Amino acid sequence: MDHANDVNEIMKVRLQKLQDLKNMGINPFGDKYPYSHNSQQIKGNFVELENQKVKIAGRIMAIRGHGKAAFFDIQDDKGKIQIYIKKDNVSEDTFKLYNLLDIGDIVSLGGKVFKSKRGEITISLDMMKLLAKSLRPMPEKWHGLKDTDIRYRQRYLDLIANPEVKQTFLTRSKIISAMRRYLDENGFIEVETPVLSPIAGGAAARPFITHHNALDMELYLRIATELYLKRLIVGGFEKVYELGKDFRNEGISIKHNPEFTMMELYQAYADYKDMMELTENMVAHIAKEVLGTTKINYQGEEIDLTPPWNRMTMIEAVKHFTGIDFNSVNSDEEARRIASELHIEEVGNQDTIGKILNLIFEEKVEENLVQPTFIYDYPIEISPLAKKKEDNPRFTYRFEAFITRREIANAFSELNDPIDQRDRFLQQVKEREAGDEEAHVFDEDYVTALEYGMPPTGGLGIGIDRLVMLLTDSYSIRDVILFPTMRPKA
RNA sequence: GGGUCAUUAGCUCAGGCGGCAGAGCACCUGACUUUUAAUCAGGGUGUCGGAGGUUCGAGUCCUCCAUGACCCA
């Protein structure tokens, strides 16, 4: 990586031009200058604007010199537009300024709109002001910037050089704002709960630990917003949501970043079936609003987000894809034997039926779930915050939604029995003591809240980055996070 | 955590079997008043990711390290 004092030849030349400009009395970092239009407005309203004077500002992306005239391309927030400068049309100083310009410089300029011989909408320049001299060479114009190391560390260069990258992040913004609008219009209240907390609860994950100096205590970055949001349901809010970052201290992969964006919502007097409907309706609504359709393409596969989505219990799904019916599996030993026959290697000696069922599901079923599918009725062992099924206490009213083989949502009828919740936490503590660092932490204060009484509640979490990946046809989570977590460059 | 691949000019990339470091764009000099990957004539601007090793000689082979991508866990 270049440092400011690594001056290469190109930078030396540009620094000389900077000095030349100063010697001419031109401030190479001029004050703002108002613009009247952006590139898109000029191109979109050519009929009205032809021969009219406009002012525009942006970055020079190409210069095609012709001696006493030149064309250059200006890139602004909305796109590119061509500029024509002719010595006869401008002051001597302006033409001198043109001669000291480089690709990358930021300028504002004014002139008349016209169409060139080749039919390109162009501004015939009559005045120009330099707003920022660029001292470093831009990435190559034709191939763009490909080096992922530079693209992620210096995302600004990626955004300048690769228009499709900018488009992805524009779409990300639209998805998030469409989601907010959908929830707001459906009566949900957006709230903010602590990022720093003495207990990192609400999910099975290892937290980041930090230290508060004044209180001289360890604090954890949140791994979920769940337990705080449900306290608000206890407090009488009936529909709340939070959209923000969670932090999980785990590896980086094509679908994991240590900090990621999650939307969690909770609705009193609702259950997980309501959450299924909310999920499919909201995702379809967002797709329609942002992309104009619920039939999308992801990495070459057609995905139909139109509700209703497929629904299968976990047992049904495992039976469908492996032929094994866990309804008739009644002992942990039998479950372990089946897992062994299926070559599921993660199964431990202490694992119970429910855990093994889930492992088989993850290994043999997930890879088949391309079209949107709700998998519901999760084993109780892996669902310590979800309500037990009345007719089968080995399972809970919980579902996850899968699209393109990836989990995109997790939801349940929330466990609101404080006595059961206490037992479940105790079970998690046992598992932690047995070595599972991802087991849930006992949150006594949360149990206290439940003891005051929480209405039946449906809760839902949607991974925003994965949703954005789906709707922007992005292969890696790093392509939808502006500044993904990277090791510092030595 | 393990494996595979990659790292060469500002960017995108070539460099057979170990023998003088290359191209396009960008940049510099000159020509050019409607071009658009402008064109034409010239110019190579480099710690070949880093440190060791083998060798008469290493971008190339070996070891370690760093960073990234992908696959696996």
Side-chain angles (χ1 to χ4, degrees), chain A residues 1-17 20 39 43 59-75 79-90 94-95 98-105 111-126 134-158 160-163 206 249-257 299 343-348 359 362-363 367 437-438 474-479 484-490:
Chain A
M1 194 65 40
D2 283 348
H3 295 285
N5 52 359
D6 294 340
V7 181
N8 61 42
E9 284 305 310
I10 292 177
M11 286 188 72
K12 278 183 192 159
V13 169
R14 292 197 175 193
L15 287 167
Q16 181 57 51
K17 288 179 181 176
D20 293 346
S39 58
K43 287 178 164 176
R59 188 186 294 276
I60 298 173
M61 295 301 286
I63 302 175
R64 295 179 288 280
H66 292 265
K68 297 182 180 64
F71 290 89
F72 43 99
D73 297 333
I74 294 279
Q75 179 166 293
K80 281 185 192 174
I81 190 158
Q82 178 169 263
I83 311 299
Y84 180 56
I85 182 171
K86 186 157 74 160
K87 200 171 184 189
D88 299 346
N89 286 354
V90 300
T94 299
F95 205 74
Y98 149 71
N99 275 310
L100 290 169
L101 290 179
D102 286 298
I103 291 171
D105 290 353
K112 262 188 200 170
V113 178
F114 77 107
K115 227 174 219 179
S116 74
K117 270 185 191 166
R118 305 284 280 265
E120 174 131 2
I121 294 165
T122 304
I123 299 169
S124 177
L125 183 149
D126 53 40
S134 171
L135 299 179
R136 288 178 182 269
M138 286 290 142
E140 205 247 357
K141 65 180 173 185
W142 191 242
H143 298 91
L145 182 66
K146 291 189 174 172
D147 186 329
T148 50
D149 207 351
I150 302 176
R151 285 185 50 222
Y152 298 151
R153 287 178 204 275
Q154 295 177 277
R155 182 69 89 177
Y156 49 92
L157 291 178
D158 194 25
I160 291 166
N162 299 323
R206 294 165 66 185
N249 206 337
E250 46 199 38
I252 293 174
S253 82
I254 210 151
K255 49 181 181 173
H256 297 92
N257 196 64
Q299 304 291 305
H343 308 290
I344 312 287
E345 284 157 14
E346 297 82 0
V347 175
L359 286 169
E362 287 178 355
E363 283 296 309
E367 64 196 23
E437 289 184 75
E438 294 192 349
S474 297
Y475 182 62
S476 165
I477 197 169
R478 294 183 204 92
D479 292 329
T485 304
M486 305 283 279
R487 279 193 167 91
K489 196 93 174 175

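Protein chains get the first letters and strands the later ones, always in sequence-line order, with residue 1 at the start of each. This one's a predicted model, so the numbers in the text were calculated from it and none came from an experiment.
Once rounded to the nearest 0.5 Å, the distance linking CD1 of I83(A) with CG of L125(A) reads 6.5 Å. For the atom pair CG (L100(A)) and CD (Q16(A)), the distance works out to 9.5 Å, reported to the nearest 0.5 Å.
Listed by first residue number, the stems of RNA chain B with at least three Watson-Crick or G-U pairs below 3.5 Å are B:1-7 with B:66-72, B:10-13 with B:22-25, B:27-31 with B:39-43, B:49-53 with B:61-65.
Phosphate contact (OP1/OP2 of C28(B), side-chain N/O of K17(A), threshold under 4.0 Å): present. Residue K117(A) places no side-chain N or O under 4.0 Å from the OP1 or OP2 atom of U33(B). Residue R64(A) places at least one side-chain N or O closer than 4.0 Å to OP1 or OP2 of A38(B). Residue R487(A) has no polar side-chain atom (N or O) positioned under 4.0 Å from OP1 or OP2 of A66(B).
The side chain of L145(A) lies closest to C11(B) when the candidates are U35(B), G68(B), C11(B). The side chain of R153(A) lies closest to G68(B) when the candidates are C28(B), C13(B), G68(B). Considering only the side chain of M486(A), G68(B) comes nearest among G68(B), A38(B), U12(B). Taking only side-chain atoms of V13(A), from C-beta outward, the nucleotide of C28(B), U33(B), U35(B) with the closest atom is C28(B). Closest approach to the S116(A) side chain among U34(B), A26(B), C13(B) is made by U34(B) (side chain taken as heavy atoms from C-beta onward). Side-chain proximity of P137(A) to U34(B), G10(B), U12(B): nearest is G10(B). Considering only the side chain of E120(A), U36(B) comes nearest among A38(B), U36(B), U12(B). Side chain of F71(A), nearest nucleotide from U34(B), A38(B), U33(B): U34(B). Each of C13(B), U67(B), A26(B) was ranked by its minimum atom distance to the side chain of K141(A); first place goes to A26(B).
Residue contacts shown for K68(A) include a base, since a base heavy atom lies under 4.0 Å away. Note on R118(A): a base of the nucleic acid sits closer than 4.0 angstrom, heavy atoms only. Looking at heavy-atom distances under 4.0 Å, K80(A) makes no contact with the nucleic acid at all. Within the nucleic acid shown, K86(A) comes within 4.0 Å of at least one base atom, counting heavy atoms only. Here D73(A) lies out of heavy-atom contact (under 4.0 Å) with every strand.
Taking atom P in both C65(B) and G3(B), one finds a spacing of 11 Å when rounded to whole Å. Nucleotides C72(B) and G19(B) place their C1' atoms 41 Å apart, quoted to the nearest Å. U55(B) and U60(B) are spaced 16 Å apart, taking the P atom of each and rounding to whole Å. A distance of about 16 Å separates the C1' atoms of U7(B) and A51(B), rounded to the whole Å. A distance of about 12 Å separates the P atoms of G2(B) and C64(B), rounded to the whole Å. Comparing G24(B) with C40(B), their P atoms sit 11 Å apart, to the nearest whole Å. For the P atoms, the distance from C48(B) to A21(B) is 11 Å, rounded to whole Å. If you take atom C1' in C32(B) and the same atom in A38(B), they sit 11 Å apart, rounded to whole Å.
Classified by its glycosidic torsion, G10(B) falls in the anti category, the angle being over 90° from 0.
Other residues, nucleotides and ligands place more than 12 heavy atoms under 6.0 Å from the NZ atom of K43(A).
By the 4.0 Å N-to-carboxylate-O rule, D158(A) lies close enough to R155(A) to be salt-bridged with it. Looking at D73(A) and R64(A), a side-chain N of the basic residue comes within less than 4.0 Å of a carboxylate O on the acidic one, giving a salt bridge. Under 4.0 Å is where a charged nitrogen must lie from a carboxylate oxygen, and between R151(A) and D479(A) at least one such pair does.
A donor N or O paired with an acceptor N or O is not found under 3.5 Å between the base of U67(B) and the side-chain atoms of D149(A). If you check distances only, the side chain of Q82(A) does reach the base of U35(B) with a donor-acceptor pair under 3.5 Å.
For the pair K87(A) NZ and C32(B) P, the interatomic distance rounds to 11 Å; values are reported in whole Å.
With hydrogens and angles ignored, the 3.5 Å screen pairs a side-chain donor or acceptor of Q75(A) with a backbone N or O of I160(A). Checked by atom type and distance alone, the side chain of Q154(A) never pairs as donor or acceptor with a backbone atom of L157(A) at under 3.5 Å.
Note: F72(A) and Y98(A) have parallel aromatic rings, judged against thresholds of 30 and 60 degrees for the angle between ring planes.
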What nitrogen or oxygen pairs link the protein and nucleotides 70-73 of chain B at under 3.5 Å?
unit_1: C70(B); atom_1: OP2; unit_2: R478(A); atom_2: NH1; d: 3.0
unit_1: C71(B); atom_1: OP1; unit_2: Y475(A); atom_2: OH; d: 2.8

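By the 4.5 Å heavy-atom criterion applied to side chains, E362(A) and E346(A) are not counted as neighbours.
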